[in-house]
Enquirer: 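Okay, here's the structure, questions in a sec.
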Amino acid sequence: MDRLVCYDCGETYPAGEAARCACGEPLWFDTGGTEFSWPDASDGDGGGVRLGRDSLWRYESILPASQPGGLAAAAGGTPLFRAPSIEPSDGPRIHLKIEGTNPTGSFKDRGTAVGIGRLDGPVGTVSHGNMALSVAAHAAALDREAVILVAEDTPDSRLAMIAQHDPHLFRVRGEYGRLYDDTLERDLGVGFLNSDAPLRVAGQKTVAYEICEAFAPDAPDAVVLPVSSGGQASGVWKALRELDAAGLLPSVPRIYLAQAARCDPIARAFRRGDSRVEPVDGEPTAAVSINNADPPSGTRALAAARATDGGVVSVSEEAMLAETDRLAADAGVSVEPSCAVATAAVRELAAAGEFGPDDDVAAILTGSGYNYGPTEADASTVREVDRADVPDAVREIVS
Ligand SMILES: *Cc1c(COP(=O)(O)O)cnc(C)c1O
Ligand SMILES: [Zn+2]
């Protein structure tokens with residue numbers, strides 16, 4: 001696994017030499033071979049570290065890295081369960097993949113774990129969100145230097161979350177968007193694990209391995225996930241291609257991507273019938289983790305949706321916030337609005353007749369609401385009460 005390949009034109013490159021193909025599209029690792037089969041139940045428990053559950057290292061044979069210890073040993077292996085309480089009537093069975101149980105609360109830990117397992121020396125990223133938290137924490141766990149480049153307007157509360165892991169934290173003035181390519185293209189002596197870096201995509205494909213293994217020898221009818229840079233969507237597509245090549249899928253699940261309507265470059269390209277994603281002028285949205293107007297792997301993500309006969313859905317701000325509340329109140333799962341677009345999209349697709357009651361849909365809830373910072377409490381659920389009145393107040397509720 002020392003070769004990178006372009007999904008689009010097929011050109012190959014030695015690993016580490018480039019992040020982009022000469023044609024402009026992003027590269028991913030050439031996993032080679034079609035001999036993969038589901039590992040034995042006892043495999044992948046962290047390589048000697050007892051975790052009490054499997055981690056993504058269960059799939060080490062198809063990863064371009066080996067398990068480095070630290071937090072990386074605990075990445076992946078997240079729960080998947082059916083949530084009938086949020087299923088629309090006459091809609092599909094919805095299975096929630098809870099990525100918020102990763103060590104730093106999002107799926108970004110998968111890509112970080114594989115990246116830090118492969119690279120020596122300092123690691124870095126361009127992010128003030130979940131990816132920054134993840135890289136800073138994983139570096140701390142392995143006593144590595146971390147370089148985190150955040151945008152100038154990053155709120156202090158966000159900086160404090162990242163800073164607790166003691167990385168080198170730079171607040172960058174100037175055109176922040178350009179840093180993404182700057183850091184991937186220049187040799188700065190730091191292994192930058194940006195959103196769609198090949199190592200990150202390799203780690204992130206394990207979420208789809210886990211979903212498909214849970215259904216094996218069957219397969220879900222569809223996988224629905226939020227999309228920003230397109231890194232995770234690329235990983236999911238790569239996993240499905242690999243599992244299909246290995247003969248482990250009776251049929252290939254359709255990939256549906258969900259975006260916030262206020263910033264939806266991939267959905268717009270899908271609706272236009274284009275095969276290339278163009279930048280848009282996005283508006284601010286509560287879905288801060290997927291607010292990307294010029295996604296570096298957007299065209300590849302679009303290709304994933306098209307190649308699997310899936311689609312791309314824009315979710316209104318209102319539907320997204322209602323879905324965030326629904327997941328917390330009815331399924332017990334706290335997520336950011338950025339994650340809730342996934343099940344909101346399932347609801348819209350069911351209403352449009354794309355899913356029916358015989359379908360199994362896996363929705364990836366990419367991150368935890370507990371990382372997202374305080375939002376206002378729903379006033380109707382809070383009651384002021386004197387200590388002496390607590391017994392009566394409680395009895396009133398249960399009677
Ligand atoms: C990063 C992130 C995404 C988007 O993932 P991409 O790989 O950039 O498309 C979605 N949800 C959450 C919670 C994230 O942190
Ligand atoms: Zn190419």
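Atoms within a ligand are numbered from 1 in the order they appear, just like the ligands themselves. One-based numbering along the sequence shown.
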Enquirer: Mind counting the protein N, O or S atoms sitting less than 2.8 Å from the Zn ion (ligand 2)?
Expert: 4
Enquirer: Below 4.0 angstrom, N of the basic side chain to O of the carboxylate: do Arg93 and Glu87 qualify?
Expert: no
Enquirer: Provide, line by line, the atom pairs where ligand 1 and the protein bring an N/O atom each to a distance under 3.5 Å; else say none.
Expert:
| residue | atom | partner | partner atom | Å |
| --- | --- | --- | --- | --- |
| ligand 1 | 7 (O) | Ser229 | OG | 3.4 |
| ligand 1 | 7 (O) | Gly231 | N | 3.3 |
| ligand 1 | 7 (O) | Gln232 | N | 2.8 |
| ligand 1 | 8 (O) | Ser229 | N | 2.9 |
| ligand 1 | 8 (O) | Ser229 | OG | 2.7 |
| ligand 1 | 9 (O) | Ser228 | N | 2.8 |
| ligand 1 | 9 (O) | Ser229 | N | 3.2 |
| ligand 1 | 9 (O) | Gly230 | N | 3.0 |
| ligand 1 | 11 (N) | Thr366 | OG1 | 2.7 |
| ligand 1 | 15 (O) | Lys108 | NZ | 2.8 |
| ligand 1 | 15 (O) | Asn130 | ND2 | 2.8 |

Enquirer: Taking all non-hydrogen atoms of both residues, which atom of Asp294 and which atom of Pro279 are closest, and how far apart?
Expert: OD1-CG, 3.6 Å
Enquirer: Would you call Asp274-Arg276 a salt bridge at under 4.0 Å N-O?
Expert: no
Enquirer: Evaluate the ring planes of Tyr209 and Tyr59, with Trp represented by its six-membered ring, and classify them as parallel (under 30°), tilted (30 to 60°) or perpendicular (over 60°).
Expert: tilted
Enquirer: State whether the side chain of Lys238 and the backbone N or O of Asp30 hold a donor-acceptor pair below 3.5 Å, judged by distance alone.
Expert: no
Enquirer: Name all residues meeting the ring-ring contact (aromatic ring centres under 6.0 Å, His included) criterion together with Phe215; count only those two or more places apart in sequence or in a different chain, and write none if there are none.
Expert: His95
Enquirer: Output yes when Asp156 and Arg171 qualify as a salt bridge under the 4.0 Å nitrogen-oxygen rule, no when they do not.
Expert: yes
Enquirer: Before accepting this row, confirm whether a basic side-chain N of the pair Lys97/Glu210 lies closer than 4.0 Å to the acidic partner's carboxylate O.
Expert: yes
Enquirer: Going by salt bridge (Lys or Arg N to Asp or Glu O under 4.0 Å), name the residues that satisfy it together with Arg326, two or more places apart in sequence or in a different chain.
Expert: Glu323
